[in-house]
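Note sheet for the following structure.
Lettering follows sequence order; numbering is per chain, from 1.
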There are 2 protein chains.
Amino acid sequence: MTRPTPIRVVLADDERMVRTALRAILSAEPDLEVVGEAATGAEAVSVVRDLRPDVVLMDVRMPEVDGIRATERILATLDEPPRIVVVTTFENDSYVYDALRAGAAGFLLKRADADALVQAVRLVARSDSLLFPAAVRTLATEHARARPAPPAWVAKLTGREREVLQQMAQGLTNAEIARRMEVGPATVKSHVAAVLAKTGTRDRTQAVIAAYEAGFLNGG
Amino acid sequence: MTRPTPIRVVLADDERMVRTALRAILSAEPDLEVVGEAATGAEAVSVVRDLRPDVVLMDVRMPEVDGIRATERILATLDEPPRIVVVTTFENDSYVYDALRAGAAGFLLKRADADALVQAVRLVARSDSLLFPAAVRTLATEHARARPAPPAWVAKLTGREREVLQQMAQGLTNAEIARRMEVGPATVKSHVAAVLAKTGTRDRTQAVIAAYEAGFLNGG
DNA sequence: ATCCGCCTCCGCCGGACGGGGGAGGGCGGC
DNA sequence: GCCGCCCTCCCCCGTCCGGCGGAGGCGGAT
């Protein structure tokens with residue numbers, strides 16, 4: 001169960017104190033060995049290239065090149081890249097998502113206790129697991145809807161116009177919408193006309209398309 | 001470093017062999033204790049309610065109530081719920097996403113080795129970390145476009161009909177489509193009629209909606 | 001050789017749609 | 001009080017749309 005060769009770790013963080021602390025924690029474990037350190041992203045890339053560690057603990061915030069970019073570069077240029085664990089201070093950091101995209105094997109908070117840190121390193125070193133804090137659940141459940149900026153017209157619609165557009169997007173005719181909203185067909189026509197004007201579209205089909213692409217629908 | 005009370009684990013899997021294997025692996029560790037087992041999702045909920053374990057290893061596929069639903073129920077009903085690790089056989093399982101949504105603390109593959117299993121249990125037991133295999137990266141980067149199975153009508157459309165539907169989804173009129181495709185307006189009308197028939201819709205707006213919801217568009 | 005599916009077009013018709021212009025009432029702000 | 005916004009509804013009219021039925025050509029399958 002004890003492995004012959006220890007897990008080789010590189011630390012990348014611009015603060016010396018952090019590196020020292022991490023080294024102290026990891027060195028206490030017989031199966032872990034800190035083989036190198038880096039204070040910038042650029043340095044991290046070259047150090048990793050030279051030392052070929054099994055795991056890298058990578059701070060997100062670093063001079064010159066940040067941890068995310070350094071991660072991308074390492075994974076893109078090395079044949080058998082190390083597992084990279086991205087480390088940050090704040091949980092709600094948007095870096096969580098960036099780290100995922102960059103190909104990081106894990107994401108750790110600096111406030112994680114020593115125990116969790118050590119186990120995280122061991123885990124990523126030899127399994128294909130990813131390791132992320134609770135924040136990713138938010139991203140996943142909110143469907144990570146990276147809204148590309150909702151078009152201006154959305155705010156300009158009145159309440160009734162919104163309702164009408166919703167129904168249009170269900171494929172209903174004006175008459176059907178009128179029945180559902182318990183108003184006259186002429187009223188619906190007015191609202192539809194207003195929607196077309198504000199969305200800059202010429203017919204209901206284009207308006208529905210605009211609604212879809214604006215992410216205007218509730219539970220799309 | 002050794003904790004006074006062991007981590008209490010409950011196993012939920014409908015196959016006895018799997019439970020036995022898991023129990024064997026976990027029992028070999030002095031700091032882990034398997035306190036109960038369940039063969040169905042419903043049983044899992046009640047067992048967990050009674051025994052209050054620290055960690056639950058939950059199979060996705062189980063009779064009566066599947067692992068995902070069982071997870072939801074446990075997390076919804078208990079005040080201090082255990083960390084739940086969802087276990088499955090296939091990595092590309094859509095269950096990965098469901099597990100995230102349900103609030104699972106981790107996701108493990110049955111082919112994971114004993115070492116990874118044990119460490120995963122230890123990790124989730126006392127940190128707020130989530131643990132997921134590489135599959136989540138795909139979900140995250142592909143923006144988790146959970147295709148709900150492309151409707152049958154997609155395959156039934158002829159080449160021309162597809163083209164026409166694409167243009168319809170751009171908000172073009174029949175005349176415009178005719179010009180772009182360099183055919184007569186009557187031809188386009190025929191294709192549109194065919195599209196409406198095959199999609200089971202009554203007008204172009206509904207057809208476009210169907211196209212959007214089917215993920216029919218190229219780079220939507 | 002025949003059949004069938006696909007693409008191409010035709011005419012006719014009723015209904016839905018969208019543009020234009022207008023009108024009355026309610027409600028809040030200046 | 002008056003103005004402005006919103007919601008409600010009205011008429012007219014031209015256009016687009018979709019349903020109906022039909023037709024010819026072309027190519028692959030049997």
Side-chain angles (χ1 to χ4, degrees), chain A residues 150-218 220, chain B residues 150-218 220:
Chain A
W153 57 259
V154 182
K156 298 196 166 186
L157 294 179
T158 69
R160 262 340 209 184
E161 286 157 6
R162 281 171 217 274
E163 292 180 46
V164 169
L165 180 51
Q166 291 280 358
Q167 316 259 339
M168 282 193 275
Q170 312 266 327
L172 302 182
T173 66
N174 289 343
E176 288 168 336
I177 296 173
R179 276 194 289 277
R180 292 205 182 186
M181 291 177 61
E182 293 178 333
V183 295
T187 303
V188 176
K189 285 191 70 173
S190 295
H191 292 317
V192 170
V195 168
L196 296 184
K198 291 182 181 176
T199 54
T201 54
R202 70 178 171 211
D203 56 43
R204 69 202 298 101
T205 304
Q206 287 191 353
V208 169
I209 294 170
Y212 263 84
E213 310 219 310
F216 179 75
L217 283 47
N218 296 339
Chain B
W153 57 260
V154 182
K156 296 194 167 189
L157 295 179
T158 69
R160 259 345 206 184
E161 286 156 7
R162 280 170 216 275
E163 290 180 48
V164 169
L165 180 51
Q166 291 280 358
Q167 316 259 339
M168 281 194 275
Q170 312 264 328
L172 303 181
T173 66
N174 289 343
E176 288 168 336
I177 297 173
R179 277 194 288 276
R180 292 204 184 188
M181 292 177 61
E182 292 179 334
V183 296
T187 304
V188 175
K189 286 189 70 172
S190 295
H191 291 318
V192 170
V195 168
L196 296 183
K198 291 182 181 176
T199 55
T201 54
R202 69 177 171 212
D203 57 43
R204 66 201 301 101
T205 303
Q206 286 191 354
V208 168
I209 294 170
Y212 263 84
E213 309 218 311
F216 179 76
L217 283 47
N218 297 338

So which heavy atom on B/V195 is nearest to which on B/E161, and how close? CG2-O, 3.7 Å
Has the side chain of A/K189 got a donor or acceptor atom that lies under 3.5 Å from a matching backbone atom of A/N174? no
Could you state the atom-to-atom distance from CZ of A/R204 to P of D/dC16 in whole Å? 17 Å
Would you say A/N174 reaches C/dA16's phosphate, i.e. side-chain N/O to OP1/OP2 under 4.0 Å? no
Value rounded to 0.5 Å, distance of OG1 in B/T205 from CG in A/L172: 10.5 Å
Whole-Å distance, B/Q206 CD to D/dG19 P, equals 11 Å
With a 6.0 Å cut-off (strictly less than), is the heavy-atom count around CZ of B/R202, excluding the residue itself, greater than 12? yes
Given that A/T201 and B/E161 both sit by DNA chain C, which one's nearest nucleotide is further toward the 5' end? B/E161
Look up atom CD in B/Q206 and atom OG1 in B/T199, then write down how far apart they are to the nearest 0.5 Å. 8.5 Å
Between B/R202 and D/dG18, is there a contact of a side-chain N or O with OP1 or OP2 at under 4.0 Å? no
How close or far is atom C1' of D/dC5 from atom NZ of A/K156, stated in whole angstroms? 14 Å
Would you confirm whether B/E176, through its side chain, and B/T173, through its main-chain N or O, come within 3.5 Å as a donor-acceptor pair? yes
Using atom CE of B/M168 as one end and atom P of D/dG18 as the other, report the distance to the nearest whole Å. 8 Å
Any A/T158 side-chain nitrogen or oxygen under 4.0 Å from OP1 or OP2 of D/dC5: no
Mind jotting down which residue pairs meet the ring-ring contact (aromatic ring centres under 6.0 Å, His included) criterion with at least one end in residues 187-209 of chain A? Sequence neighbours excluded, please. none
Distance in angstrom units between A/I177 CD1 and C/dA16 P, rounded: 13 Å
Between D/dG18, C/dG18, C/dA16, which nucleotide has the shortest distance from any of its atoms to the side chain of A/D203? C/dG18
Between D/dC7 (P) and A/E182 (CD): distance, integer Å: 17 Å
Does C/dC6 have its OP1 or OP2 closer than 4.0 Å to a side-chain nitrogen or oxygen of B/R160? no
Under 4.0 Å, heavy atom to any atom of DNA chain C: which of residues 185-199 of chain A qualify? A/K189, A/V192, A/L196
